Colleague: 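One structure coming up, written as C-alpha cells, with questions to follow.
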Amino acid sequence: MGKVALVLGGGGSKGAFQVGAEKYAREEKGYKWDVIAGVSVGALNGALLAMEEYKRLEAIWKTICDNKVYTGKLNLWTYFKLFRGAKSVYGNEPLARIIDREVDPEKFKVDFRVGTVSLRTGRYTLYHHDSPDIKKAILASTVMPILWPPMAVSDECQDMVDGSLRRFSPIGDVLDQDPAEVFIINCRPRHPTPVTQEFHNVLDIGIRTIAIAGNEIFTSDISEFIHINRSVEETEKAGVTLTNVKGKPYKWYKYTIIEPKEPLGQMLDFSRENVERTKELGWKRAKEVLG
C-alpha cells in the first residue's frame, strides 16, 4: 500500500481538533502512520502519536487547562515587565513540564519530524525523532512569539520559535519519504474569517495579527501543494513529466485534508468546555470527510 504521512499544523488549543480527527481516522478507518510531521501544537500531538501513546495523548487533553499550559496574565505588572525588557507576555513552564514528562525519545515508533524557526536568521530548521535536541525542538515549535519567550535548542540554534511562522501546514517535511498518501489535519478553515471582537490591548492585537499571518501562510502552503499535485496529474495523462528547477520529477500524491468549516475560537482558550467541543468537532469532521 505504501507509506502514509500525517501532517499536523498549528493552532494552540485548537489542537484538540487534531486529536478528535486523528482518532476517528485511526480507530474507525484503520489508518496507520508511517511518518508524522508537526509544528506548534501539532509538534506535541505528533510526538505522542509517533510514540503510539494514544491514551496518554487523550489524557493530556482531558485534563489540560490554562494553568497547565502557561503562566501569567495581562495586567499592569505585565506591562511594566515588558517596558523593562521582558521577551513575552506569558511563561510556558507548565507546557515545558508536560513535554519533558511525556516525550521519551527512546519510545518513538514512527518517523517523526518537527520544525522550528530562528528569529535571528528567519530560517526553518527541521528536527527528526533521533535528534539529541528533539524535546527542546518540540517545545520551541510551540513558542508563539510575543506570548512566550524564544528559546535555545542548541548552541547553533538560538531564539527559536513556532515552526508555523514559516510552514503552518508542514507538508514538505514528509515528502522525502515518498509517501503513497498524505493525510493533513488543520485547525482552521482555509479562508480567513472576520471577527467581531474588540481589540482591548496589545495582546488582542498580537494574537489577531499572528492569526492573519498564519492564515496567509497556511492557505499558500495548501494551495501550492494542491496546484502542483493537480498539474502533475494532468501532465502525466498527457505523457509529460513535470520537474522542479533542479530537474527532479514531481510526484502525484493521494491526499486527504481534514479542516473545520468554521473558526474554532481563541487559540489560548484551554477551558474544558472549549477543548471537549473542539475535539468532538474534529471527530465529526473526520467522519464527514472519510465517511
Side-chain angles (χ1 to χ4, degrees), residues 6-29 31 33 36 38-73 90 92 94-99 101-103 138 141-142 144 147-148 162 164 168-169 183-190 193 195-197 204 207-208 210-211 214-215 218 256-291:
L6 176 63
V7 177
L8 303 171
S13 62
K14 303 172 189 179
F17 181 88
Q18 295 174 347
V19 177
E22 187 278 339
K23 183 178 181 180
Y24 183 86
R26 176 171 41 81
E27 292 188 354
E28 300 298 322
K29 289 300 181 179
Y31 273 86
W33 319 116
I36 300 174
V39 292
S40 196
V41 70
L44 174 59
N45 287 340
L48 272 292
L49 292 173
M51 292 190 295
E52 297 184 354
E53 292 286 352
Y54 309 124
K55 291 183 179 179
R56 287 304 307 154
L57 180 60
E58 283 205 70
I60 290 172
W61 283 95
K62 281 182 178 179
T63 60
I64 205 164
C65 55
D66 292 351
N67 60 18
K68 288 188 177 182
V69 178
Y70 60 91
T71 60
K73 59 180 65 177
Y90 300 125
N92 60 348
L95 180 58
R97 288 193 289 269
I98 289 177
I99 292 172
R101 180 181 70 243
E102 301 291 346
V103 177
I138 293 169
S141 191
T142 67
M144 291 179 276
L147 301 183
W148 295 317
D162 194 338
S164 65
F168 211 94
S169 191
F183 198 96
I184 305 161
I185 306 178
N186 291 310
C187 300
R188 63 179 62 194
R190 207 170 310 172
T193 53
V195 297
T196 57
Q197 72 180 77
D204 288 345
I207 291 176
R208 179 57 177 166
I210 292 172
N215 191 276
F218 161 60
T256 300
I257 300 176
I258 297 179
E259 57 195 6
K261 295 179 179 179
E262 302 294 337
L264 296 176
Q266 298 296 323
M267 63 182 177
L268 289 183
D269 182 3
F270 289 92
S271 65
R272 296 287 350 118
E273 179 183 3
N274 183 60
V275 168
E276 290 301 323
R277 178 186 66 86
T278 303
K279 180 181 173 184
E280 182 65 20
L281 285 173
W283 175 280
K284 290 181 178 179
R285 185 67 181 126
K287 187 174 182 179
E288 289 178 1
V289 173
L290 299 176

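Since the model is a prediction, treat every value here as computed from it, not as a measurement.
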Colleague: Hey, can you pull the donor-acceptor pairs under 3.5 Å for the side chains in residues 39-46, sequence neighbours left out?
Modeller:
residue : atom : partner : partner atom : Å
Ser40   : OG   : Asp162  : OD2          : 3.2
Asn45   : OD1  : Trp61   : NE1          : 3.0
Asn45   : ND2  : Gly15   : O            : 3.2
Asn45   : ND2  : Gln18   : OE1          : 2.8

Colleague: How long is the straight-line distance from CZ of Arg188 back to CD of Glu262, given to the nearest 0.5 Å?
Modeller: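 Here the interatomic distance stands at 14.0 Å.
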Colleague: Under the rule for ring pair (Phe, Tyr, Trp, His ring centres under 6.0 Å), what residues qualify as partners of Phe270, not counting sequence neighbours?
Modeller: none
Colleague: Ignoring hydrogens and angles, state whether a donor on the side chain of Trp283 or Glu28 is under 3.5 Å from an acceptor on the partner side chain.
Modeller: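 Side-chain D/A pair, Trp283 to Glu28: absent.
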Colleague: Find the distance between CD1 (Ile60) and CD (Glu102) and round it off to the nearest 0.5 Å.
Modeller: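 Interatomic distance, Ile60 CD1 to Glu102 CD, rounded to 0.5 Å: 4.0 Å.
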Colleague: Decide yes or no for Ile257 and Phe183: does some side-chain heavy atom of the first lie under 4.5 Å from some side-chain heavy atom of the second?
Modeller: no
Colleague: Just jot down the side chain to side chain donor-acceptor pair (under 3.5 Å) partners of Asp66, sequence neighbours excluded, or say none.
Modeller: none
Colleague: With sequence neighbours left out, which residue pairs that include part of residues 272-282 fulfil the side-chain hydrogen bond (donor to acceptor under 3.5 Å, both in side chains) condition?
Modeller: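 Counting only pairs at least two positions apart or across chains, the side-chain hydrogen bond (donor to acceptor under 3.5 Å, both in side chains) contacts touching residues 272-282 are Glu58-Lys279, Arg272-Glu276, Asn274-Arg277.
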Colleague: For Lys261, give me all partners under salt bridge (Lys or Arg N to Asp or Glu O under 4.0 Å), at least two apart in sequence or on another chain.
Modeller: Glu288
Colleague: Among all residues two or more places apart in sequence or in another chain, which pass the side chain to side chain contact (heavy atoms under 4.5 Å, CB included) test with Val7?
Modeller: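 Scan of Val7 (side chain to side chain contact (heavy atoms under 4.5 Å, CB included), adjacent residues dropped) gives Ser169, Pro170, Ile171, Val174, Val182, Ile184.
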Colleague: Rounded to the nearest 0.5 Å, what's the gap from CG on Leu57 to CD on Glu22? Could you check?
Modeller: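 It comes to 7.5 Å.
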Colleague: CG/Asp269 to NZ/Lys14 distance, rounded to the nearest 0.5 angstrom?
Modeller: 10.5 Å
Colleague: Sequence neighbours excluded, which residues qualify as side chain to side chain contact (heavy atoms under 4.5 Å, CB included) partners of Thr71?
Modeller: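 In terms of side chain to side chain contact (heavy atoms under 4.5 Å, CB included), with neighbours along the sequence ignored, Thr71 is linked to Glu93, Pro94.
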Colleague: Salt bridge (Lys or Arg N to Asp or Glu O under 4.0 Å) with Glu53: which residues, sequence neighbours excluded?
Modeller: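 Salt bridge (Lys or Arg N to Asp or Glu O under 4.0 Å) check on Glu53 returns nothing, list empty.
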Colleague: Checking Glu52 now: which residues fulfil side chain to side chain contact (heavy atoms under 4.5 Å, CB included) with it, not counting sequence neighbours?
Modeller: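 With neighbours one apart ignored, the set is Lys32, Tyr54, Lys109, Val110.
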Colleague: Would you mind reporting whether Lys68 and Leu95 have side-chain heavy atoms less than 4.5 Å apart?
Modeller: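 They are not in contact (no side-chain heavy atoms under 4.5 Å apart), so the answer is no.
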Colleague: Using the test side chain to side chain contact (heavy atoms under 4.5 Å, CB included), find all partners of Lys287 that sit at least two apart in sequence or belong to another chain.
Modeller: Tyr24
Colleague: Which residues pass the ring pair (Phe, Tyr, Trp, His ring centres under 6.0 Å) test with Trp148, not counting sequence neighbours?
Modeller: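 Trp148 satisfies ring pair (Phe, Tyr, Trp, His ring centres under 6.0 Å) with no residue once adjacent residues are dropped.
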Colleague: Do Cys187 and Pro260 make a side-chain contact, defined as non-hydrogen atoms from C-beta onward lying under 4.5 Å apart?
Modeller: no
Colleague: Do Arg26 side-chain atoms and Tyr31 backbone N/O form a donor-acceptor pair below 3.5 Å?
Modeller: no
Colleague: Give, for atom CG of Leu290 and atom CZ of Arg285, the distance between the pair rounded to the nearest 0.5 Å.
Modeller: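 Atom-to-atom, Leu290:CG and Arg285:CZ are 10.0 Å apart.
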Colleague: Can you sort out the partners of Arg97 under side chain to side chain donor-acceptor pair (under 3.5 Å), two or more places apart, ordered by chain and number?
Modeller: none
Colleague: Show the numbers, then the answer: is there a side chain to side chain contact (heavy atoms under 4.5 Å, CB included) between Leu264 and Phe17?
Modeller: CA-CA 9 Å; Leu264 296 176; Phe17 181 88; 3.7 Å; yes
Colleague: Nearest 0.5 Å, what's the CE-CZ distance between Met51 and Arg56?
Modeller: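 Separation between the atoms: 9.5 Å.
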Colleague: Run the numbers on Val69 and Ile98 for side chain to side chain contact (heavy atoms under 4.5 Å, CB included), then give the verdict.
Modeller: CA-CA 8 Å; Val69 178; Ile98 289 177; 5.6 Å; no
